[in-house]
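By convention in this document, chain letters (A, B, ...) are assigned in the order of the sequence lines, proteins followed by strands, and residues within each chain are numbered from 1.
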Amino acid sequence: MPSSPGRPFALNPTSWPGTPMNRRSFIKHNARIILWASAIGFGIRLPRLAGASQTPDIALATGDRTAATRAAVDLLGGMGRFVKPGQKVIIKPNMSFAGGPEDATDTHPDVVRELVGLCKEAGAQRIRVLDHTLRREERCIEGVQKACEVHGDDIVQAVSRSRFFESTGIPDGRQMRETEVMGEVLEADVLIAAPVAKSHSSAGVSLSMKGMMGLIWNRGIMHSRFDLHESIVDLASLLKPDLIVVDGSRVLSTNGPGGPGHVLKRDTIIASRDMVAADAQAVAMFEWYGRKLKPRNVKHIRIAHERGLGRMDVENLRRQQIQV
Amino acid sequence: MTLQRTVQVGGLALFLLLLAGAAFRFAGWLPQDLFLRLDPAAALLTGLSARIWIGGFFAALAVLMATVVLGRFFCGYLCPLGTTIDGIDACLHRSADIPEKCPPLWRRFKYGLLVFSLTAALLGLSLAFLVAPIPLVSRFFAIIVLPLFQQIADLLLQAAAPLANRFDLTGLFYLQLPLPRFEWQGLTLFLMLLILAGSLWQPRFWCRYLCPAGAMMALFARRPFLRRQVTEDCVDCGLCARACPARAIGDDPRFTLHHECIVCQTCRRICPTQAVAFSTRRMDKAPRLPAFSQYRRGLLTAGVCGVGTAALTLSGARHLLGDTGTRRIIPPNLIRPPGALPEDDFLRRCYRCGACLAACPTNTLQPLGMETGLTGLLTPVIAPQMGPCDPQCNACGQICPTEAIRPLPQRERIWAKVGTAIILRNKCLAWELDRKCLVCDEVCPYDAIVLKKLPEIKAPVPFVIENRCSGCGFCEHHCPVEAQPAIVVEPMEALRLTTGSYQEKGRSLGLTLEPRPPIRRSEAQPTPFPSTEDNAGSGLPPGFSE
């Protein structure tokens, strides 16, 4: 982009109408106009350079899951917008079940690998892929661990000991006002949620907000003492991912979260900076139990919207779609 | 270090390595139950009470055969209990030079104990778990020593965690050792302490006076081919007799009780005139041993005691051995590991070595208490609250030396139903408190929980589909209801087969124990929710709301 000397917005006072204009100021004035016009024209031809206001709220990429993951993040401005060089990044996929990719109970290893790769490219100092798994640890994380080996050893960890969790207050919690979160997560600079799109027999769907339960110690209490949906929102008020990438390459449409259920092949990756919007988009665009449902049919999405954690009215948000 | 000590330490190390290998799932290519098969007493008592020859006990037979040639080398070199006792002795006594405080006739006790347990075994009661050395020592290491070391190692890891994090040693930072916990440690420890306490009086007290495996080997070691010989160089100094840890040398040092000798060769090393040799060449004219029949009366008494003990045990109301007909008390926690033989066979075979307990990756296997009387004491049961029984895992069956738990291929394993889950509606959050919980459905690997929307209850409520439930206990383990989970596994409908296929049997009973349904639901055949019978509520899928 051509740069003009001095302060481009400050018009020369001598060039105001009514003040005498000499040839020198005339030429300067016109040169400035030409430069600005060409700069704007350049910007029109390259809309990506046109600034933050053009970034979509929700990015949708369809096609090969690895390429779509990258494309979706790129639509939001690239991983560099979320991860700065030297930062510590936590990625939270679904790794709670020991099924294969065809079961759609867990985030696809390819998606996680691509996210780790993107964070590495952005210069992250430390990347950890963590989950508090439901089933036997080593088998749950096997697939993702293998996929991420190309980026280094020990990136993927299943955390199942209380000593890795730290007690934390939830200032905005209504029912759940404290919990124990993985210490690593509290220390991290960037949190990326990478849930798979799946139904959930008691939460409706298990997406980025429900997925945050994989970063805390005592999940049972969210079922037993609190209203599950209220406490999911309480937790989401504490753990707000900077980036949400929903893996909709396969959608577990029925019988989630453990399956086996009806698996839809949708080859879609949803990315957003707003966890409510990302979850709402997934609810709205996939079928659940053979039906089209609205984001407000999921109570925790509805409450999160009402409490201002994000927006579920995806139809009013800027959505951009790309095919890879 | 002498050859004997080297072999002893190496043997104990291998024994522990195999046990730890089972517990930490490494070195799977080694025969992990090797030592567990070497004990002749355990083999005989188990085989006799189960009335079956167990293939794996060829190893024990080999030990006995080798004893004919080498004497009681097993006691002096290989027995992990013997080595442990030697270790304790070394701490308690500076040397073996202790006058024998117990009358030599006490040595008959071990024959008595052997006959006692043999007659009990003849009546079907296996006491191998109380008297045979390998089960005793193996159980001690498996449920006391290993867990202790794991706890200590975990504390060290915790202490090192800040450093590991600082230097980005992610693998070390997140290293999470399994921390198994076991019931009835106290009893196991007590039995072991009783054995070790004998060392306060005499070195190798257990081996000299009590060990029935030693007694069996003694019968085969009356005059082994390779045995202690004394030449004319002997000067009658008596050093060897005092140093002998087995007190196998008489007042006349030329006299050897070969059946007591553990071939440690201390006498040969200590002899100032090199008059002692262990060889096949006959150099001595040892006096004849007293005829064995001398002990007849004591052995008869022991046999009668064995019969009495068996009769008394088997006539208890709670035991599940023998023909109990319809009069049985089955405790609700008697959930046997997958592939466990029918209870009767199981109790006769299981000698409670604790290998399955150590090998269980989820720590769900626990020693049973007195719920089924002495016959079931310390046998393994599934305790779902400790951990679920992984449908993909057959570690207990793979390591069991007596095949009381059958080793099963994976496709058979998932059909080995251990019990059935039952929902306690009065404790269930959904049934009783209208909460949307349903963790049981979330965790069930067999898809055996179905949610139904009932008109009078706000939340969808869980039901168990009995013929899909394998009793794995994921539901009970993860149920958020405290103190008494709202869903519990009971031994009801467990499949206990001596032979044959669990899959075939299961199918013939109408079970469907596939972790996934046999027919994958394809996109062409969606299964819309709700079905008509569940349509009473909001009409939305489970978890959704208006």
Side-chain angles (χ1 to χ4, degrees), chain A residues 96-99 102-103 125-126 128 130 134-139 152-155 157-161 163-164 184 199-205 219-229 253-265 287-291 293 296-299 302, chain B residues 25 154 157-158 161 165 168-174 176-177 179 361-362 387-388 390 392-393 429-430 433 435-439 441-445 447 449 451 459-460 462 474 478-482 514-517 520-523 525-530 538 540-546:
Chain A
S96 252
F97 296 88
E102 71 281 2
D103 292 311
Q125 180 227 331
R126 176 194 277 180
R128 279 172 181 174
L130 304 178
L134 216 48
R135 301 271 166 81
R136 222 165 96 194
E137 298 87 8
E138 60 267 31
R139 272 225 311 286
D153 299 330
D154 303 326
I155 290 177
Q157 299 287 344
V159 185
S160 58
R161 286 287 155 72
R163 67 180 161 101
F164 293 105
E184 283 273 286
S199 56
H200 192 287
S201 53
S202 43
V205 288
R219 301 178 276 222
I221 201 168
M222 295 175 68
H223 293 277
S224 60
R225 187 181 302 167
F226 307 125
D227 177 88
L228 178 62
H229 291 277
S253 166
T254 70
N255 214 9
H262 181 49
V263 177
L264 313 174
K265 207 167 146 34
E287 304 89 69
W288 306 96
Y289 289 87
R291 291 176 55 166
L293 290 160
R296 62 173 183 78
N297 289 133
V298 179
K299 190 177 164 194
R302 194 167 67 229
Chain B
R25 290 169 289 290
D154 189 67
L157 276 176
Q158 276 189 52
N165 200 27
D168 264 354
L169 302 169
T170 314
L172 186 66
F173 180 71
Y174 279 113
Q176 295 161 78
L177 289 178
L179 295 178
T362 60
D390 188 335
Q392 312 290 326
C393 169
L429 297 174
L433 299 171
R435 297 247 176 85
K436 292 193 181 77
C437 167
L438 311 178
V439 170
D441 176 46
E442 181 173 324
V443 297
C444 177
D447 202 22
I449 305 271
L451 308 171
F474 267 90
H478 289 283
C479 179
V481 179
E482 283 174 0
E514 304 275 359
R516 295 168 191 162
R520 301 284 300 169
R521 282 167 272 185
S522 72
E523 192 148 359
Q525 303 161 296
T527 47
F529 189 95
S538 64
L540 286 170
F544 291 89
S545 56
E546 283 299 345

CD on B:Q176 to CD on A:E137, rounded to 0.5 Å: 6.5 Å
Any A:L130 side-chain heavy atom under 4.5 Å of B:Y174 side chain: yes
B:R435 side chain vs A:L228 backbone, donor-acceptor pair below 3.5 Å: no
Which atoms of A:S96 approach chain B - backbone, side chain, both or neither, heavy atom under 4.5 Å: neither
Largest heavy-atom contact set with chain B, pairs under 4.5 Å, which of A:K299, A:Q125, A:R296, A:R163: A:R163
B:Q158, CD atom: more than 12 neighbouring heavy atoms under 6.0 Å: yes
For chain B, the option from A:I221, A:D154, A:N297 that forms the most heavy-atom pairs under 4.5 Å: A:N297
NZ/NE/NH1/NH2 to OD/OE distance under 4.0 Å, A:R126 and A:E184: yes
Whether A:S253 side chain and A:E287 backbone form a donor-acceptor pair below 3.5 Å: yes
Engaged part of B:P361 at the chain A interface, taking heavy atoms whose separation is under 4.5 Å: side chain
Side chain A:S201, main chain B:P542, donor-acceptor under 3.5 Å: no
Choice from B:V481, B:N165, B:V439 maximising heavy atom contacts with chain A below 4.5 Å: B:N165
Over 12 foreign heavy atoms within 6.0 Å of CZ, A:R225: no
Which of A:V205, A:L293, A:V298, A:I155 touches chain B most, by non-hydrogen pairs under 4.5 Å: A:L293
Contact origin within B:C479 toward chain A - heavy atom pairs under 4.5 Å: neither
Engaged part of A:F97 at the chain B interface, taking heavy atoms whose separation is under 4.5 Å: side chain
Option in A:G220, A:S202, A:G258 with maximal non-hydrogen atom pairs under 4.5 Å from chain B: A:S202
Part of B:F173 within contact of chain A (heavy atom distance under 4.5 Å): both
Heavy-atom contact with chain A under 4.5 Å, split by part of B:L433: neither
